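Here's the structure we're looking at; comments come further down.
All values derive from a computational prediction rather than experimental measurement.
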Amino acid sequence: VQKQLQGTGIPGLGAVTQYMQKVWDDIRSTLGSDVVLKEAEVNIQFAKLSLELRNRPSVRQHLRELIEQHSTNLLTAVNDLLLDSIDKLRASGYEGLVLIVDGLDKLVLRPLDDGRSNTHIRLFCDRADQLTNLKAHTIYTVPISLIYSPRCTELEQSFGIHVAPIPMIKLRDENKAPVTPRTMGMQKMWEMIEARCRFAEVDPKTLFDDTSTGDFLCEMTGGHPRHLVMFLQAAANSIDDFPITRAAAERAVLNYANSLSREIPTGFWEQLKHFSTPQTDIPKDEVHQEMPFLLHVFEYMNGSPWYEVN
């Protein structure tokens, strides 16, 4: 947060507050000799703190326990920083501050030692009080597996807002008709390609050997923007110069398909066959909850949701 605030260039933003400094000093003094802090890499002003831990699980566990013990003080210190920053922003003509905490939707799903919970539930359900008590408007990205779990209602009650899943770009036409280059979703995928070309200073007309090659890559993404970028990068890496050929595009898709196939558990294959055509619902059992999180099944929205295999 401090690094982002410092980057605004607004006078007074990004400086560490006294309370934040005190909390970190308390943690560092308690760590003692178990953890070495690289002083050259410690810069609270830019919210950068690098810890070098000795390669012992007990030390890492000690650090986690220590942070847990200081969680209340850390939350107070962060809020002290946020409130001070909001005052300075408003004095500079801004209305306030919005925090966007991105990337939490990719949090690794791992069972915890107690056998009753996992990393997703621990952060978003068990730590909801802390997440909702930041003194700024805050947007969190949430693992989609939580949205399809029995804990979703608890999540919405804790955060006081309806959780809004972000669906894939709908490539099919109305009434789930087959994908064609003329659908609005396909046109939006092409707009992303053109935007990337402008950034790379490449003429979009010279990017592919034929427009159908670009259409093929767009359709194979299933409407997932990150997959479009990934396929373009993989195809470009396999050629010496533009244009991207159909063979290069097919290799990029095939390599991803092979990689995805290797990670799909054996027990998933039978259930995945069900989504080879659009389905209006997805079962709420543990296996099917994992499928959207692992990107085996995509969710689409057109008034009401539907689901298809990746």
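Of the possible polar contacts, one joining the N79 side chain to the K135 backbone as a donor-acceptor pair under 3.5 Å is found. For the pair S259 (side chain) and Y256 (backbone), a donor-acceptor distance under 3.5 Å is absent. With N118 contributing its side chain and I121 its backbone, the two residues share a donor-acceptor pair below 3.5 Å. Side-chain atoms of T138 come within 3.5 Å of backbone N or O of A136 as a donor-acceptor pair. With hydrogens and angles disregarded, no donor-acceptor distance shorter than 3.5 Å links the side chain of T221 to the backbone of H227. Put simply, the side chain of K170 never gets that close to the backbone of M168: no donor and acceptor are under 3.5 Å apart. With hydrogens and angles ignored, the 3.5 Å screen pairs no side-chain donor or acceptor of T213 with any backbone N or O of D209. Without hydrogens or angle criteria, T183 side chain to V179 main chain gives no donor-acceptor distance under 3.5 Å. In this structure, the side chain of T141 engages the main chain of L104 through a donor-acceptor pair within 3.5 Å. Between the side chain of T119 and the main chain of V108, a donor-acceptor pair closer than 3.5 Å is present.
Applying the 6.0 Å contact sphere to CD of E95 captures no more than 12 heavy atoms from other residues, nucleotides or ligands. Surrounding CZ of R246 are more than 12 heavy atoms belonging to other residues, nucleotides or ligands, all under 6.0 Å away. Around atom NZ of K205, no more than 12 heavy atoms belonging to other residues, nucleotides or ligands sit under 6.0 Å away. Around CZ of R127, the count of heavy atoms belonging to other residues, nucleotides or ligands within 6.0 Å exceeds 12. In M184, the CE atom is not crowded: 12 or fewer heavy atoms of neighbouring residues, nucleotides or ligands sit closer than 6.0 Å. Enclosure of atom CD in E270 is not indicated, since only 12 or fewer non-hydrogen atoms of other residues, nucleotides or ligands lie within 6.0 angstrom.
Inspection of the H274 and Q279 side chains reveals an N or O donor paired with an N or O acceptor under 3.5 Å. Using a 3.5 Å distance cut-off with no hydrogens or angles, the side chains of D285 and Q289 do not pair a donor with an acceptor.
Here the side chains of L295 and R226 are in contact, with some heavy-atom distance below 4.5 Å. You'll find the side chain of K273 stays beyond 4.5 Å of the side chain of S276, heavy atoms only. Taking 4.5 Å as the limit, some side-chain heavy atom of V78 sits within range of a side-chain heavy atom of L134. Proximity of P292 to E299: side-chain heavy atoms (C-beta onward) are nowhere separated by under 4.5 Å. At a threshold of 4.5 Å between non-hydrogen side-chain atoms, the residues D173 and P178 do not count as touching. Residues L107 and L123 form a side-chain contact, since some pair of their non-hydrogen atoms from C-beta on lies under 4.5 Å apart. Counting only heavy atoms from C-beta outward, the side chains of L75 and N133 approach each other to under 4.5 Å. Side-chain contact between I193 and C197 is present, with heavy atoms from C-beta onward closer than 4.5 Å.
The distance from the CD atom of Q187 to the CD1 atom of I169 is 12.0 Å, given to the nearest 0.5 Å. Here the straight-line distance linking atom CE of M220 with atom CG of L254 works out to 12.0 Å at 0.5 Å rounding. One distance of note links CD1 of I161 with OG1 of T132; it measures 12.5 Å at 0.5 Å rounding. With values rounded to the nearest 0.5 angstrom, L155 atom CG is found 6.0 Å from I147 atom CD1. In this structure, CD in Q271 is found 10.5 Å from CD1 in I282, a value given to the nearest 0.5 Å. To the nearest 0.5 Å, atoms CG (N255) and CG (N237) are separated by 11.0 Å.
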Walk me through whether H296 and F275 qualify under ring pair (Phe, Tyr, Trp, His ring centres under 6.0 Å). CA-CA 10 Å; H296 299 161; F275 297 97; over 10 Å; no
Test side-chain contact (heavy atoms from CB on, under 4.5 Å) on R151 and F124 and set out the steps. CA-CA 10 Å; R151 306 295 291 268; F124 288 99; over 6 Å; no
Stepwise ring pair (Phe, Tyr, Trp, His ring centres under 6.0 Å) check, Y300 with Y307: CA-CA 6 Å; Y300 300 87; Y307 307 87; 8.7 Å; no
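Note on F298 and L109: separate hydrophobic clusters, where clusters join Ile, Leu, Val, Met, Phe, Trp and Tyr whose side-chain heavy atoms are under 4.5 Å apart, directly or indirectly. No continuous path of hydrophobic side-chain contacts links L83 to L89 [ILVMFWY only; heavy atoms under 4.5 Å]. Criterion: ILVMFWY side-chain heavy atoms under 4.5 Å apart, direct or through other members. Under it, V229 and V253 are not part of a common hydrophobic cluster. Under the 4.5 Å side-chain contact rule for hydrophobic residues, I100 and Y94 do not share a cluster.
Salt-bridge annotation for E308 and R172: present, with a side-chain N of the basic residue lying under 4.0 Å from a carboxylate O of the acidic one. Between E201 and R198 there is no salt bridge, since no side-chain N of the basic residue sits under 4.0 Å from a carboxylate O of the acidic one.
F208 and W190 have perpendicular rings, their planes meeting at more than 60° on a 0 to 90° scale where under 30° would count as parallel.
Between L171 and C218, the shortest heavy-atom distance links the atoms CD1-O, 3.5 Å. Scanning both residues, A252 and A234, for their nearest heavy atoms gives CB-CB, 3.8 Å.
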